[in-house]
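Residue numbers begin at 1 in each chain, while the letters A, B, ... track the order of the sequences.
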Amino acid sequence: MMKTGLLRHAAAARLAVAAVRPAQLSSIRASSAVLSASRASSSPLACRPAAPAVLARFYSAASASAAASSSAGSSEPITRFTDLPKLGVSDSLVRSITQGMGYENMTPIQSMTINAALAGKDVVAQAKTGTGKTLAFLTPIVQRILNRLQEEDSNWRRRRPDARDIQAIVVSPTRELAEQISAEAKRLCQGTGVVVQTAVGGTMKRMMLHKARREGCHLLVATPGRLYDLLSDPESGIAAPRLAALVLDEADRMLEVGFAAELEQITELLPSRSEVPRQTLLYSATLPKDVVGIARRYIDPKNFEFVQTVRADETPTHERVPQYIVPCRGFQNIAPAVLEFVRNELVAAKEAAKEENPEALPFKAVVFLPTTAAVLFYTYLFQRIRFHDRRFPRIYDMHSKLTQATRTKNSEAFRNAQSAILFSSDVAARGMDFPNVTHVLQVHLPQDRDIYIHRIGRTGRAGKGGQAYLFVSNIEINTARRRLPGLPIQRCTSIESAEVDVSDGAALPPAFQEIREASSMAPHEVLKNMYTSLLGNSLKGVDVQSIVDELNEMTKHQWGMDEPPAVSRRFLDSLPRGISGLNVMSESHRSPRGVGDRRGGFGDRGFGDRGFGDRGFGGRRDSQPRRFKDDFERMEYMAGQKKDRRGPRAQPTF
DNA sequence: GCGGATT
């Protein structure tokens, strides 16, 4: 019942946002131009009552940061964690970073944002995947929490813990990412007295509430649904009447349609920024231009810092992660090509280990698939293959239809594994830090360029190497070229199974045979769901008739079916007109939907409003340096630049 | 029939 209420509100909020936005934006533009002159003197903390000692402490931090940024070029920003006390960061916090977590030098994003965030500024930050964004926002947030607690009551550590006085909230788009951020926050807060709690769906709410009431809560890490649930429930015992900071991790994702409306609902439950000044931090590896406009609703246009450690003409992928595309003759070649590739890499990793190459790591891969049914299909096939070959690495799967307990278990097991393969939906595409992933494989086209970037960001983290492979059918190549411009993707043609023509009677590569055998053992449900799921919106941008033709080839030549799995008349009607080759059944004997370890379904959750697919190219190209009315306009422009440069005229590299 | 996100 809560759900329908929220959805109704969310829909109303969407409409309201759409109606209000243009006018509001222009008024913000106008006022920020007028107010920009007084920017230097206006600080959100200036109007907040505070004990003099703490103010002095705060201002020393603020002026240190002001000195660092105003004299940019002459004085170096801080680059070592041990120098943080100069900015007013407490010794206990620095100790847990340097001794507890073992960090010494800051990454660029840490060095460039911690100052501003400590000074209470809003921050919009873009930095490559795996470069320490989490610690970059947690460090100043935790220090500011310490300042506030101290400022209110120097005996705060002895006070009864309270879950009704949350100081900061971090919001994440997925549960596992929230858990991961929370784990890092807890390590950071070790020994500081700052209490971290986690609020995500799929877990026992009562237990979480009990824990929060017992231990208190200063910093809450949450996913949007559960956060809304807790804040809207006056009985929960969770409240944030004096919230000082809100962090959106994966900010561009959080501000997309769908999440944006939910976020809107959440902020309505928080104290208004005019009454309780609130710092907002937006961090991501990708910041598309259309999101920057929405970001304006969350940040203070007069007092924020926009930090990009990715040059505007550069893509947010790592040079040290080579990217390849493996064009496959047809759909039936893709799974065999993946298997052949995995087997080759397993051998290569073994060889490298023999040569005692210090850089050599055991094969550890994440394979991203476009649908849940495809994850189940690949998991089934590879588990089957491992059944006959115990030297094959362990197989894990990850998608939202698993119970949360299984999700957590699989995620942890893969994190701790030396060598393993994780088949995953995009639930693990962003933010997840699985150590020592050597390969990211993507099967079929990613929904958009940013998802491609986030997925390959699961490897090449923390200065380590990695490789990225994209397996697509030939019918997807043209869409791939349009969708993935400006990326250094090279063609990989060394995989025999990718190119073999099943119909010409030639001998099939071993991997092809293996997949064929494993498919023949698969439950019909797994195959049928795989078939129909690829006809959904997941391959949007590719000609539907070609998809049907290729799927039918696969059912015949790889799955050994006489006729393709049946689809409903209704489904056929939802496709473009004139599609042929589908096996249409009558409505009356539709088989029950759903397979595997599922969470109970709760009604239809339409995805129609998500607005997937390619984002438009916009903006202008100037060779002249240009001036900006305010930093916000500059940020919009900088974020837009990348789109301009990698525009439709970019030369395909594959 | 199409990532994810509270019961």
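A close approach under 4.0 Å does not occur between any side-chain nitrogen or oxygen of A:Ser538 and OP1 or OP2 of B:dG1. Residue A:Arg175 places at least one side-chain N or O closer than 4.0 Å to OP1 or OP2 of B:dT6.
We find that CG of A:Leu575 is positioned 12 Å from P of B:dC2, with the value rounded to whole Å. The separation between A:Leu539 atom CG and B:dC2 atom P is 11 Å, rounded to whole Å. What separates CZ of A:Arg570 from P of B:dC2 is a distance of 14 Å, to the nearest Å. Spacing between atom CE of A:Met254 and atom P of B:dA5 amounts to 11 Å, rounded to whole angstrom units. Rounded to whole angstrom, the span from the CD1 atom of A:Ile547 across to the P atom of B:dC2 amounts to 13 Å. Taking atom OH on A:Tyr531 and atom P on B:dG1, their separation rounds to 12 Å, with Å as the unit. Regarding A:Phe377, its CZ atom lies at a distance of 15 Å from the P atom of B:dC2, rounded to whole Å. Across the protein-nucleic acid pair, A:Leu263 atom CG and B:dA5 atom P stand 15 Å apart, rounded to whole Å.
Counting non-hydrogen atoms of neighbouring residues, nucleotides and ligands closer than 6.0 angstrom, the NZ atom of A:Lys186 exceeds 12 such neighbours. Within 6.0 Å of atom CZ in A:Arg394, 12 or fewer heavy atoms from other residues, nucleotides or ligands are found, so the atom counts as exposed in its surroundings.
Here B:dG1 is the nucleotide among B:dG1, B:dC2, B:dA5 with the atom lying nearest to any side-chain atom of A:Phe571. Counting only heavy atoms from C-beta on, A:Arg407 has its side chain closest to B:dA5 among B:dT6, B:dA5, B:dG1. If you check B:dT6, B:dA5, B:dC2 against the side chain of A:Ser533, the one that comes closest is B:dC2. Residue A:Thr371 places its side chain closer to B:dC2 than to any other of B:dG1, B:dT6, B:dC2. Set against B:dC2, B:dG1, B:dA5, the side chain of A:Asn537 has B:dC2 as its closest nucleotide.
Under 3.5 Å, the side chains of A:Glu176 and A:Ser411 contain no donor-acceptor pair of N or O atoms. Side-chain polar atoms of A:Ser236 and A:Asp233 form no donor-acceptor pair below 3.5 angstrom.
In this structure, A:Gly581 and A:Asn552 approach most closely via the heavy-atom pair O-ND2, 2.9 Å.
Donor-acceptor pairing under 3.5 Å, judged by distance alone, is present between the side chain of A:Ser574 and the base of B:dG1.
Within the nucleic acid shown, A:Ser172 has no heavy atom closer than 4.0 Å to any nucleic acid atom.
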